4 protein chains.
Amino acid sequence: MQSSTRKERTQFRQRQILDAAVAAFAEKGFYKTRVSEIARRAGVADGTIYLYFKSKDDILISLFEVRMEEVLQVIHEALLDCTDAEQRIHEFFRLYMSIIDRDPALAEVITIELRQSDKFIREYENPKFKELLRYLASIIGDGQREGIFRSEIDPRLTARAIFGALDEVTLAGLFAKRPLESSRMARSLSELFVQGLR
Amino acid sequence: MQSSTRKERTQFRQRQILDAAVAAFAEKGFYKTRVSEIARRAGVADGTIYLYFKSKDDILISLFEVRMEEVLQVIHEALLDCTDAEQRIHEFFRLYMSIIDRDPALAEVITIELRQSDKFIREYENPKFKELLRYLASIIGDGQREGIFRSEIDPRLTARAIFGALDEVTLAGLFAKRPLESSRMARSLSELFVQGLR
Amino acid sequence: MQSSTRKERTQFRQRQILDAAVAAFAEKGFYKTRVSEIARRAGVADGTIYLYFKSKDDILISLFEVRMEEVLQVIHEALLDCTDAEQRIHEFFRLYMSIIDRDPALAEVITIELRQSDKFIREYENPKFKELLRYLASIIGDGQREGIFRSEIDPRLTARAIFGALDEVTLAGLFAKRPLESSRMARSLSELFVQGLR
Amino acid sequence: MQSSTRKERTQFRQRQILDAAVAAFAEKGFYKTRVSEIARRAGVADGTIYLYFKSKDDILISLFEVRMEEVLQVIHEALLDCTDAEQRIHEFFRLYMSIIDRDPALAEVITIELRQSDKFIREYENPKFKELLRYLASIIGDGQREGIFRSEIDPRLTARAIFGALDEVTLAGLFAKRPLESSRMARSLSELFVQGLR
DNA sequence: GATGAATGAGAATTCATTCAT
DNA sequence: CATGAATGAATTCTCATTCAT
């Protein structure tokens, strides 16, 4: 089993570093986290980081992509069982908030730290985020074709609004003292949007 | 006649520096803007900045407070004429987006730069933002009392969702190539929420 | 009585500032004391300081000169009554240490702060200090002429040694926890030197 | 063969930096010496300094400790051959002044610069200096037990006085125009103290 | 004489990144 | 592949001093 291929070992190291990074970022924030701190947590030398990532910004970007990929996967699979767009909206809210709820460090990365990397905001194309938005928009489009959502609604604009709402509510949850009943909140919000979309 | 001269001059200087700062932040971002650049734009010496603000972070915080105060004022006044909560929601969206639309630099500061100051996110209480949220929540509460919004809705949670939606849509607008028809978008979004709230 | 001459008012202000300075220096040290702090303690504006002193260094130098002048005066007068050089040495030690003992802030200024001003050490001629040394040397010279001190002793070298001993012992006293019995110590030290000089 | 290489290299670098520092401090004084100037003289980058020392203050403190350690070593060894306390006092003066005489830069550091670092005076415990004083006091104590020094003398107080005298005389020597006959002066001073101690 | 707002030179330290081993 | 010592660019903030009022 040790006879791992080069690619496997590379992926293992990358994952090792990203896990160290997400923990570090969640604790101190992107700007205040030192590359050497990530290296320490990952159990590698400072220079080793640069064998797997081009820069500190690149770590954040990769982190987002890998994690968002997973989020997308989970949501995508779960929504296969849904019979209509309305149900898919409800499920989307429920899943997104439960994922964030179980992994607060990830929440930090998505809601806050992502906006702290200049490269991320100003230069990075952010394909995974676009995919998330596209997916949300497609659900709304489906609902319109199913005749349950109003046809004059702009799916892409609304997808953005939905993500913004989720993100902001999640961010608020991060700083809330007591654990928020995320599933009840998720339902409450999805009701609001579903109702609004009808 | 000398009365309030000192205070006036102080306020003038502060405004002068904040105006320089908002322009600089919008152009290069908070982290990449040098204090000396703000000083240059304001036409004062570097050290003078520190007679009016404690730190670079403090400039950002003050900037937010002063500008948000103005936004709140404008919205508050305009909404006095509204007959019911539903109209107030529509007006709120319309005004917020039109203000942002006319002052993209302000948009930058609110949507992006604010999240780039560690102090802002992790330490600052952000009273003006809280006021905005409280105000939104009060509109929803009014609507519930008026019997036009569902009573099981949580006004504070929904206020946050609304701000998140507005903020995200605004952020998207910043990077959009062609000028967005903000008033149409505002109406579209407020319809969504009003419908959802009913 | 208010009809003070210009010179009197000037001297009053200077004294006022020097008193503020000695207190501030003793508390925070020369380098860490801000000119504005001295102004605050003296109850004048920052700029006013510069009407009476050329620079921060100049305050320290003037402080030393004025205070050392007083010390010299006191010692000089007291030693007029002494019958021989030996007695004068004893009296010198006793007086110097008692003066320092009663005014620890002055001690700080003489023993420590004086060495912290570059100008003081490297450029300033320090006439009052020279006078103190000359005076000490003259006592030793007198003793030699009186036939009670060895003639092969170099009065100027020994004067310096005596001041160094006094200064170091005083410095140690500043950081000592319990009040040192300065008069006993003074006698003990003067015995040492008198015996050594014989 | 690799053994202790890292340690050796570290010590080499530290010595390299300290040597550069002592030269720079002697020339311009502690406060006026830039860290970048020390780096330049040591032939390393500015940042490298901070891999070996915590701060500029720390350089001064380390400098004192390393050099004082050497002084203590030399004096300690040389005094092993002395038959009695009196001889040891004479030797102590002779050696101290000859060491200082041969290395004026070291003299600067000990007599002047040390008093220019706030941390040094106000916070640093200064163990090596204490060791020097303890050693001097022990010589005096020995002399008392040998019956050649008066028993009523306080060894610690006198040790301080002796160091003060030596330090002050050394300081005077630094600013003297012509080279002082340090060995004659050392003997003259040690005679003074030995005589006084008897 | 007095004020105090404004100046602006000045410097220690950090830390992402590199590269010789 | 991995290391970690070395780099050096980069920037906020302080504070003695000035000078218009």
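None of the values given here were measured: they were computed from a predicted structure. No hydrogens, no waters, no symmetry mates; every other heavy atom, side chains included, goes into these values. Chain identifiers are assigned alphabetically (A, B, ...) following the order of the sequence lines, protein sequences preceding nucleic acid strands; residue numbering begins at 1 within each chain.
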Q: For a 4.5 angstrom cut-off between non-hydrogen side-chain atoms, does B:E27 reach B:E37?
A: no
Q: Between atom CD1 in D:I49 and atom C1' in E:dT14, what is the gap in whole Å?
A: 14 Å
Q: With the side chain of D:A45 defined as its heavy atoms from C-beta on, choose the nearest nucleotide among E:dT14, F:dT7, F:dG4.
A: F:dT7
Q: What pair of heavy atoms forms the shortest contact from B:S55 to B:Y50, and how long is it?
A: CA-CE2, 4.1 Å
Q: Check the distance between F:dA5's C1' and D:E8's CD and give it to me in whole angstrom.
A: 17 Å
Q: With a 3.5 Å limit on both atom pairs, tell me what F:dA6 is paired to, counting Watson-Crick and G-U wobble, or say none.
A: E:dT17
Q: Within the 4.5 Å heavy-atom criterion, are B:V22 and B:R67 side-chain neighbours or not?
A: yes
Q: From CD1 of C:I38 over to P of F:dC15, roughly how many Å is that when rounded to an integer?
A: 13 Å
Q: For D:K32 and F:dA16, what is the distance between atoms NZ and P respectively, to the nearest whole Å?
A: 15 Å
Q: Both B:V44 and A:T33 contact DNA chain E. Which one's nearest nucleotide lies toward the 5' end?
A: B:V44
Q: Within this structure, what is the CG-to-C1' distance between C:L51 and F:dT17, rounded to whole angstrom?
A: 12 Å
Q: Distance check needed: F:dG4 C1' versus A:R40 CZ, whole Å only.
A: 16 Å
Q: Closer to the 5' end of DNA chain F via nearest nucleotide, is it B:K54 or C:D46?
A: B:K54
Q: Taking only the side-chain nitrogens and oxygens of C:R34, find out if one of them lies under 4.0 Å from OP1 or OP2 of F:dA16.
A: yes
Q: Taking 4.0 Å as the cut-off, does a side-chain nitrogen or oxygen of D:R13 come that near to OP1 or OP2 on F:dA6?
A: yes
Q: Of the listed nucleotides (F:dT17, F:dC1, E:dT13), which one gets closest to any side-chain atom of A:T10?
A: F:dC1
Q: Stepwise, does the side-chain contact (heavy atoms from CB on, under 4.5 Å) test hold for D:I59 with D:I49?
A: CA-CA 9 Å; D:I59 296 176; D:I49 300 279; 3.7 Å; yes
Q: Specify the residue among A:S36 and C:R6 whose closest nucleotide of DNA chain E lies further upstream toward the 5′ end.
A: C:R6
Q: Angle class for the C:Y31/D:Y31 ring planes (parallel below 30°, perpendicular above 60°, tilted otherwise)?
A: parallel
Q: For B:V35 and D:Y52, take the nucleotide of DNA chain F holding the closest heavy atom to each; which residue's nucleotide lies nearer the 5' end?
A: D:Y52
Q: Return the nearest nucleotide to the side chain of D:T48; candidates are F:dC13, F:dT7, E:dA6.
A: F:dT7
Q: Rounded to whole angstrom units, what separation is found between the NZ atom of C:K56 and the P atom of F:dC15?
A: 9 Å
Q: Specify the separation, in whole Å, of atom CZ of B:R9 and atom C1' of F:dT21.
A: 9 Å
